[in-house]
> 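First, the structure itself, so that you have it in front of you.
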Amino acid sequence: MVPLTNGKVPKSTTMHSKVVIIGSGPAGHTAAVYLARANLSPVLFEGFMANGFAAGGQLTTTTDVENYPGFPSGILGPELMDKFREQSIRFGTQIITETVSKIDLSARPFRYWRESQEHEEPETTDTIIIATGASAKRLGLKGEVTYWQSGISACAVCDGAVPIFRNQPLAVIGGGDSAAEEATYLTKYGSHVYVLVRRSELRASKIMAKRLMNNPKIVYYPWNTVATECQGDGDLLNNLRIQNVTTGEERDLPVRGLFYAIGHEPATALVRSQLQTDPDGYIITVPGTTQTSVKGVFAAGDVQDKRYRQAITSAGSGCMAALEAERLIAEEEEGVEED
């Protein structure tokens with residue numbers, strides 16, 4: 001992958017920046033802190049309900065975060081993101097609560113437009129960090145909204161150790177490798193784990209399927225089983241209605257936790273036609289870096305990470321993106337890079 005851009009465009013008379021960050025999760029704010037401390041005056045667009053999330057990203061929809069270092073007693077997801085934001089502002093980041101709706105990466109400086117301003121003069125930036133994240137796919141089950149993060153989760157590693165799940169029956173929906181990994185992980189905490197598979201077989205690799213089959217805490221329901229409704233006491237989930245799609249038979253499945261393992265959707269619609277992405281839409285970066293297929297554009301966090309998807313790994317890649325953007329800006333200002 002050879003990062004290239006073609007040609008140059010004039011700097012905006014409205015606003016030109018050395019670096020713009022799109023996204024307000026751990027990756028975006030970590031990048032902002034590093035860049036602000038380097039006196040690069042970063043501009044961070046946190047969006048207005050961009051991709052269906054409030055500013056701060058997916059962590060704003062979580063309750064207790066117990067695996068982020070520095071908080072031995074845990075911290076609420078929204079509170080953690082408030083602290084990220086406060087630290088960004090403290091060092092001079094300009095945070096704009098608007099959504100970038102259009103971007104042109106064909107030439108530098110890069111041009112971009114805010115939502116509802118697509119027909120006005122664009123703003124420009126020398127470098128861009130894409131940190132727009134990814135969101136877990138949901139099923140839209142009855143009761144899902146009520147019990148999301150109150151028994152329903154899309155991340156076993158994030159939430160599996162939460163007290164409400166310990167020594168309780170849990171369920172995982174999905175039949176691929178991710179579902180197998182999630183179910184196996186949850187056996188550390190749950191009394192047993194049900195695996196609900198819509199099809200007549202697992203899509204998981206043979207080794208992962210074998211691992212599931214050999215785990216005494218994994219319980220399979222008959223194949224071709226789906227969940228149809230999430231039920232509880234109004235505060236916490238305590239039951240699933242499940243259905244056999246072949247026979248139509250329905251029954252109750254008492255569980256205290258439901259984990260979705262049906263994939264994530266990276267928020268890359270803004271740049272998917274201009275950056276190299278994988279078949280699932282995740283931005284591809286040069287191995288060991290956050291550099292994308294376009295020079296001067298960096299990707300950090302879940303938007304380029306389909307494996308770990310953790311707040312701490314997102315923050316780490318945000319740091320990488322900031323350091324790489326800072327280095328590129330310095331080299332170009334010193335004339336090290338060729339025109």
Side-chain angles (χ1 to χ4, degrees), residues 21-33 44-90 93 95 97 99 131-138 143-166 170 178 182 185-186 189 230 232 234-237 256-267 300-319:
I21 302 162
I22 304 176
S24 58
H29 278 296
T30 301
V33 168
L44 185 150
F45 282 88
E46 63 181 1
F48 181 75
M49 292 305 294
N51 307 308
F53 291 104
Q58 288 193 84
L59 278 180
T60 61
T61 69
T62 66
T63 51
D64 291 330
V65 177
E66 298 183 324
N67 57 2
Y68 199 89
F71 300 94
S73 299
I75 185 171
L76 295 175
E79 184 182 356
L80 177 61
M81 292 319 304
D82 285 345
K83 290 182 178 296
F84 269 92
R85 193 177 192 275
E86 290 169 8
Q87 192 168 0
S88 294
I89 293 172
R90 176 193 168 196
T93 301
I95 295 180
T97 310
T99 301
T132 46
S135 57
K137 294 179 181 178
R138 301 192 186 188
E144 180 182 280
V145 173
T146 301
Y147 296 108
W148 190 261
Q149 292 301 327
S150 294
I152 305 176
S153 170
C155 181
V157 173
C158 308
D159 300 326
V162 172
I164 63 172
F165 299 135
R166 288 183 179 270
L170 309 174
S178 293
E182 298 266 297
Y185 181 85
L186 288 169
Y189 306 106
C230 307
D235 293 320
L236 296 174
L237 178 80
R256 289 304 182 96
L258 173 62
F259 291 80
Y260 289 175
I262 55 175
H264 287 69
E265 183 69 29
D302 290 4
V303 77
Q304 54 83 51
D305 172 21
K306 63 194 301 181
R307 181 174 183 180
Y308 298 107
R309 296 192 296 265
Q310 300 297 303
I312 190 68
T313 52
S314 291
S317 65
C319 168

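We count residues from 1, following the sequence as given.
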> Would you compute the distance between atom CG of Leu237 and atom OG1 of Thr146 and round it to the nearest 0.5 angstrom?
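Answer for the CG-OG1 pair, Leu237 versus Thr146, is 10.5 Å.
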> Walk me through whether Phe71 and Lys83 qualify under side-chain contact (heavy atoms from CB on, under 4.5 Å).
CA-CA 12 Å; Phe71 300 94; Lys83 290 182 178 296; 4.1 Å; yes
> If every non-hydrogen atom of Ala154 is compared with every non-hydrogen atom of Ala136, which pair is closest and at what distance?
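For Ala154 and Ala136, the tightest heavy-atom pair comes out as CB-CB, 3.3 Å.
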> Between Phe259 and Phe165 (judged by ring centroids, cut-off 6.0 Å), do the two rings come close enough to count as a pair?
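Phe259 vs Phe165: aromatic centres under 6.0 Å.
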> Report the distance from atom CD of Glu86 to atom NE2 of His29, rounding to the nearest 0.5 Å.
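So the CD of Glu86 and the NE2 of His29 are separated by 10.5 Å.
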> Side-chain contact test, heavy atoms from C-beta onward, threshold under 4.5 Å: evaluate it for Glu66 versus Pro163 and give yes or no.
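Of all side-chain heavy-atom pairs linking Pro163 with Glu66, at least one is under 4.5 Å.
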> Find the distance between CG (Leu258) and OG (Ser150) and round it off to the nearest 0.5 Å.
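With rounding to 0.5 Å, CG (Leu258) is 12.5 Å from OG (Ser150).
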> Just by distance, with hydrogens left out, do Glu46 and Thr97 show a side-chain donor and acceptor under 3.5 Å apart?
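Distance-only check passes for Glu46 and Thr97.
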> A side-chain contact here means heavy atoms from C-beta on lying under 4.5 Å apart; do Gln149 and Asp159 qualify?
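Yes, at least one pair of side-chain atoms sits under 4.5 Å.
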> Applying side-chain contact (heavy atoms from CB on, under 4.5 Å) to Arg309 and His264, what does each step give before you reach the verdict?
CA-CA 10 Å; Arg309 296 192 296 265; His264 287 69; 3.2 Å; yes
> What's the separation between atom OH in Tyr260 and atom CD in Glu144, rounded to the nearest 0.5 Å?
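Separation between the atoms: 3.5 Å.
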> Do Thr30 side-chain atoms and Pro26 backbone N/O form a donor-acceptor pair below 3.5 Å?
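Yes, Thr30 side chain to Pro26 backbone: donor-acceptor pair under 3.5 Å.
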> What are the two closest non-hydrogen atoms of Ile152 and Gly143, and how far apart are they?
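Smallest interatomic distance, heavy atoms only, reads CD1-O, 4.4 Å.
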> Measure the spacing between SG of Cys158 and CG of Asn67 and express it to the nearest 0.5 Å.
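Interatomic distance, Cys158 SG to Asn67 CG, rounded to 0.5 Å: 6.0 Å.
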> So, Glu182 side chain and Ala261 main chain: donor-acceptor pair closer than 3.5 Å or not?
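No.
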> Would you check if the side chain of Asp305 reaches a backbone N or O of Tyr308 as a donor-acceptor pair within less than 3.5 Å?
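At least one qualifying donor-acceptor pair exists.
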> Does Thr99 use its side chain to pair, donor to acceptor, with the backbone of Gly47 at less than 3.5 Å?
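Between the backbone of Gly47 and the side chain of Thr99 there is no qualifying donor-acceptor contact (under 3.5 Å).
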> Is the shortest heavy-atom distance from the side chain of Arg138 to the side chain of Trp148 under 4.5 Å?
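In short, these two side chains touch, coming nearer than 4.5 Å.
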> Locate the shortest heavy-atom distance separating Leu44 from Ser24; write the atom from each residue and the value.
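Taking Leu44 first and Ser24 second, the nearest heavy atoms are CD2-CB, 4.0 Å.
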> Check whether any side-chain heavy atom of Ile89 lies under 4.5 Å from a side-chain heavy atom of Ile95, and answer yes or no.
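A side-chain contact under 4.5 Å exists here.
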> Yes or no on side-chain contact (heavy atoms from CB on, under 4.5 Å) for Leu236 and Ile164, after CA distance, side-chain angles and deciding distance?
CA-CA 9 Å; Leu236 296 174; Ile164 63 172; 4.2 Å; yes
> To check you understand the geometry: which heavy-atom pair defines the closest contact between Ser153 and Cys155, and what is its length?
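Shortest heavy-atom separation between Ser153 and Cys155 comes out as OG-N, 3.0 Å.
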> Show your reasoning for whether side-chain contact (heavy atoms from CB on, under 4.5 Å) applies to Tyr68 and Leu80.
CA-CA 9 Å; Tyr68 199 89; Leu80 177 61; 4.2 Å; yes
> Kindly compute the distance separating CD (Gln310) from OG (Ser317), expressed to the nearest 0.5 Å.
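So the CD of Gln310 and the OG of Ser317 are separated by 12.0 Å.
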> Is it the case that the side chain of Arg256 and the backbone of Gly151 share a donor-acceptor pair, with hydrogens and angles ignored and the cut-off at 3.5 Å?
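No, the answer is negative, given that no donor and acceptor are paired below the 3.5 Å cut-off.
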